[in-house]
Amino acid sequence: MEEKTKCMCSSSDVRVVACSGASNVGQIANQAAIDLANEKVAGFFCLAGVAGHINGMVKSARDAGLMISIDGCPVKCAARTLQHVDIEPAIQIVITELGIEKSHELVIDEKICSRVVEKVKEELAA
Ligand code: SF4
């Protein structure tokens, strides 16, 4: 039944997905999405449901008023996951483009998270 396969994690029309990758920048992307959701800037959307081609979740993603992708590095797994179902994120953030070096230490730097959150807010206001 479609209703059970919709992403009900957020009712916000502005939604954010994060690559949540296995690196410092991937985890910073995830935490930044959490922070944006907690600040009620954007609803955190379940990207795995899109990647898994769950029909209701792909539809929910398509129905979003504005989609934001936050990726750790230029591979852009989050943006590409949306693009492969023909969703173009209106705002695309790549954390390494903010001058943050990628490493495989799973350390979340709160100051960098704040920079990412501020960057998203700037882009939303532009
Ligand atoms: S965008 Fe980069 S950090 Fe994120 S999941 Fe893909 S390869 Fe990993």
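Values reported hereafter were calculated over all heavy atoms of this structure, with side chains retained and with hydrogens, waters and symmetry mates removed. Ligands are counted one by one from 1 in listed order, and the atoms in each one are counted from 1 as well. Sequential numbering from 1 along the given sequence is applied to the chain's residues.
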In residues 116-126, what donor-acceptor pairs under 3.5 Å come from side-chain atoms, sequence neighbours left out?
residue : atom : partner : partner atom : Å
K119    : NZ   : E123    : OE2          : 3.3
K121    : NZ   : E39     : OE1          : 2.6

Considering only distance and modelled atom types, tabulate donor-acceptor pairs under 3.5 Å from the side chains of residues 105-114, sequence neighbours left out.
residue : atom : partner : partner atom : Å
D109    : OD1  : K111    : N            : 2.8
D109    : OD1  : I112    : N            : 3.3
S114    : OG   : E110    : O            : 3.1

* Please check if atom CD in E88 has more than 12 non-hydrogen atoms from other residues, nucleotides or ligands closer than 6.0 Å. => yes
* Output, by chain and residue number, all protein N/O/S atoms separated from atom 4 (Fe) of ligand 1 by less than 2.8 Å. => C19 SG
* H53: what forms a ring-ring contact (aromatic ring centres under 6.0 Å, His included) with it, not counting sequence neighbours? -> H84
* Structure fact -> Partner of V16 under side chain to side chain contact (heavy atoms under 4.5 Å, CB included), picked from D35, L66, I68, I34, is I68
* If Ile, Leu, Val, Met, Phe, Trp and Tyr residues are connected whenever their side-chain heavy atoms lie under 4.5 Å apart, and connections chain through other members, are M67 and V94 in the same group? -> no
